[in-house]
Amino acid sequence: MRLFSPAQALSALSLLSGTVVRQQVDALTLDPNSPDSIKDVSSKIAKQLVAQYATIDDKGVHVIGGYPGVLYPPYYWWQAGAMFGTLLDYWHYTGDDQYNDMVREGMIHQFGEHLDLMPSNQSKNEGNDDQVFWAFSMIAAAEYGFPDPPSDQPGWLAMTQSVFNQFVARYNKEVADGNCGGGMRWQIYQWLNGWTYKNTASNGGLFHLGARLAMYTKNDTYAKWAEKAFDWMSESPLLTADGQVNDGTSMTTNPPCKDADQTQWTYNYGIMIAGAAYMYNYTNGAEKWKTALTNFLDKSGRFFPDQFNGVMYEICEPRALCDADQESFKAYLARWLGVCIQMAPYTHDIIMPRLQKSAVAAAQTCSGASPHGGGDYQCGTRWYQTGFDGIGGVGPQMTALNIISVLNVDRVPPPYSNSTGGTSAGNPGLGNGNDEDRLPVFQNDITTADKAGAAIITIILVVLTVLGAWWIVS
Ligand SMILES: *[C@@H]1O[C@H](CO)[C@@H](O)[C@H](O)[C@H]1NC(C)=O
Ligand SMILES: *[C@@H]1O[C@H](CO)[C@@H](O)[C@H](O)[C@H]1NC(C)=O
Ligand SMILES: *[C@@H]1O[C@H](CO)[C@@H](O)[C@H](O)[C@H]1NC(C)=O
Ligand SMILES: *[C@@H]1O[C@H](CO)[C@@H](O)[C@H](O)[C@H]1NC(C)=O
């Protein structure tokens, strides 16, 4: 994940200005206790989301971005992977399967030449966090019993194992090189800025994937790795003992990995909450995971402040500073709070009121006109305000869809494992191999613009750390 280049920023700006409401449509009114209302409101929002990915004509699927599985700028490759996860959730929670073929096609299309979720024409900018967001959707497909790819392709489980194996190899290299005693770097390739940053999305990603693979396969090796990733994070500045989840830690301090960027993002909490909930369930309620989960949930209360009547918000929203990545983050906290209820039922009464209040507030923002002619019900970013706030696009649509559809969590089966009905084909050895063999195309093409884009992010990170600290205090 990163900020976009100046050219993309310009096109983003023009997109955004196109999003500013010219006419409003009726707001959606959600009854959070009614399955029919949840389904109806979700389907209207899903239609608008899909319209921003693809227009479906009579010749089949025509994708706006030109290729199955990608969104147009300013959305990076990772966000399409995350969006398929949102659409899988939509199907799982409402039963509406009308987009399933499109989702399946998009997911299979990005497996990559080496079946590693590093397609050579995307991987130039790919970080561990980008890759893991695709893997999250792969394992969700396995857990929901989504039809596996054709038999000449790996199953959803195998693709998740592929990413897990790549992460383990990268982690082991960090240990061998003595870099902060382990941990995942943000980036896979050193030409990207952020190569010297160890972030929560990547490390939490290993933890979270390991926990879900353990749950699905009952292969304890995955659980051991999940615990190892978690323990490393607990000893690093990424996690505090009382459950605060920081964004990342720099390797360029003395000593390396000394301080944390303490900006509080919803999605980092979502990744950790789900990982802890799966481990809690996998271990049949071990105290270690119960404590971790309870603490993360407790601290995540900060995203549902009284000031906004308990409605979920992202720290960049009040000043409208969220970038296209950040506009989607709430989707992941919403999604994984739902899974948490299933894996750790004792959390139900803490979580459900938060989800319900936020979902009702999200629905009433979905009165924007479509930026792409795909119907109405564009949702906004600031759920705590009345009506559409003028900031639409894929991210806000995903967040609303996730938080509304997940309200049906008590009415659907928990994620399948391969002993409770999951049938996705696995391959525990997929993805073994060398990152040098996965070099992207256009490698000579890493432009100054890319590097400049990456430099900007570092600067923004520093600014955000300072601002973030200030926001939290004030
Ligand atoms: C990217 O590569 C995939 C194969 O992995 C291919 O299907 C797709 O069409 C390519 N897209 C572009 C933009 O080259
Ligand atoms: C589930 O996965 C494990 C580990 O891959 C395997 O040993 C086991 O045979 C699988 N069980 C079924 C029912 O497929
Ligand atoms: C694990 O998840 C299942 C399915 O939701 C649930 O019935 C069970 O109570 C959970 N285990 C624990 C220890 O909470
Ligand atoms: C369990 O997972 C590990 C790590 O990927 C793998 O090496 C091993 O073969 C797996 N065992 C089974 C029975 O699938």
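Quick note: numbers below take in every heavy atom, side chains included, and nothing from hydrogens, waters or symmetry partners. Both counts, for ligands and for their atoms, begin at 1 and track the order of listing.
Counting protein heavy atoms only, atom 13 (C) of ligand 3 is closest to Y280 CE2, 3.8 Å. At the top of the distance list for atom 1 (C) of ligand 3, counting protein heavy atoms only, stands N281 ND2, 1.5 Å. Protein heavy atom at the shortest distance from atom 9 (O) of ligand 3 is P345 CG, 3.9 Å.
With T266 as reference, E314 is the one residue of K330, Q326, E314 to meet the side-chain hydrogen bond (donor to acceptor under 3.5 Å, both in side chains) rule.
Taking 4.5 Å as the limit, some side-chain heavy atom of Y222 sits within range of a side-chain heavy atom of Q161.
Backbone and side-chain nitrogen or oxygen atoms of Q342 are examined, and one is located within less than 3.5 angstrom of a nitrogen or oxygen of ligand 3.
Residue-ligand proximity, N219 to ligand 4, at heavy-atom distances under 4.0 Å covers atoms 1 (C), 2 (O), 3 (C), 8 (C), 10 (C), 11 (N), 12 (C), 14 (O). Taking every heavy atom of P414 and a limit of under 4.0 angstrom, the matching atoms of ligand 3 come to 4 (C), 5 (O).
Under the 4.0 Å criterion applied to side-chain N and carboxylate O atoms, D435 and R170 are assigned as salt-bridge partners.
The shortest separation from a heavy atom of Y222 to ligand 4 is under 4.0 Å, placing the residue in contact. Heavy-atom separations between Y346 and ligand 3 are all 4.0 Å or longer.
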Inset, instruction - Determine, step by step, whether K288 and D231 satisfy the salt bridge (charged side-chain N to carboxylate O under 4.0 Å, His left out) criterion, reporting the C-alpha distance in whole Å, the side-chain angles of both residues, the deciding distance to 0.1 Å, and the verdict. - result: CA-CA 11 Å; K288 172 172 180 170; D231 289 348; 2.8 Å; yes
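Less than 4.0 angstrom separates atom 5 (O) of ligand 3 from at least one non-hydrogen atom of the protein.
Counted within 6.0 Å of CG on D306, heavy atoms from surrounding residues, nucleotides or ligands total 12 or fewer; the atom is thus considered open.
With a 4.0 Å cut-off on non-hydrogen atoms, N165 touches ligand 4 through its side chain and not its backbone.
Aromatic ring orientation, F329 versus Y267: parallel (interplanar angle below 30°, classes split at 30° and 60°).
Remark: the D242 side chain and the Q244 side chain contain no N/O donor-acceptor pair separated by less than 3.5 Å.
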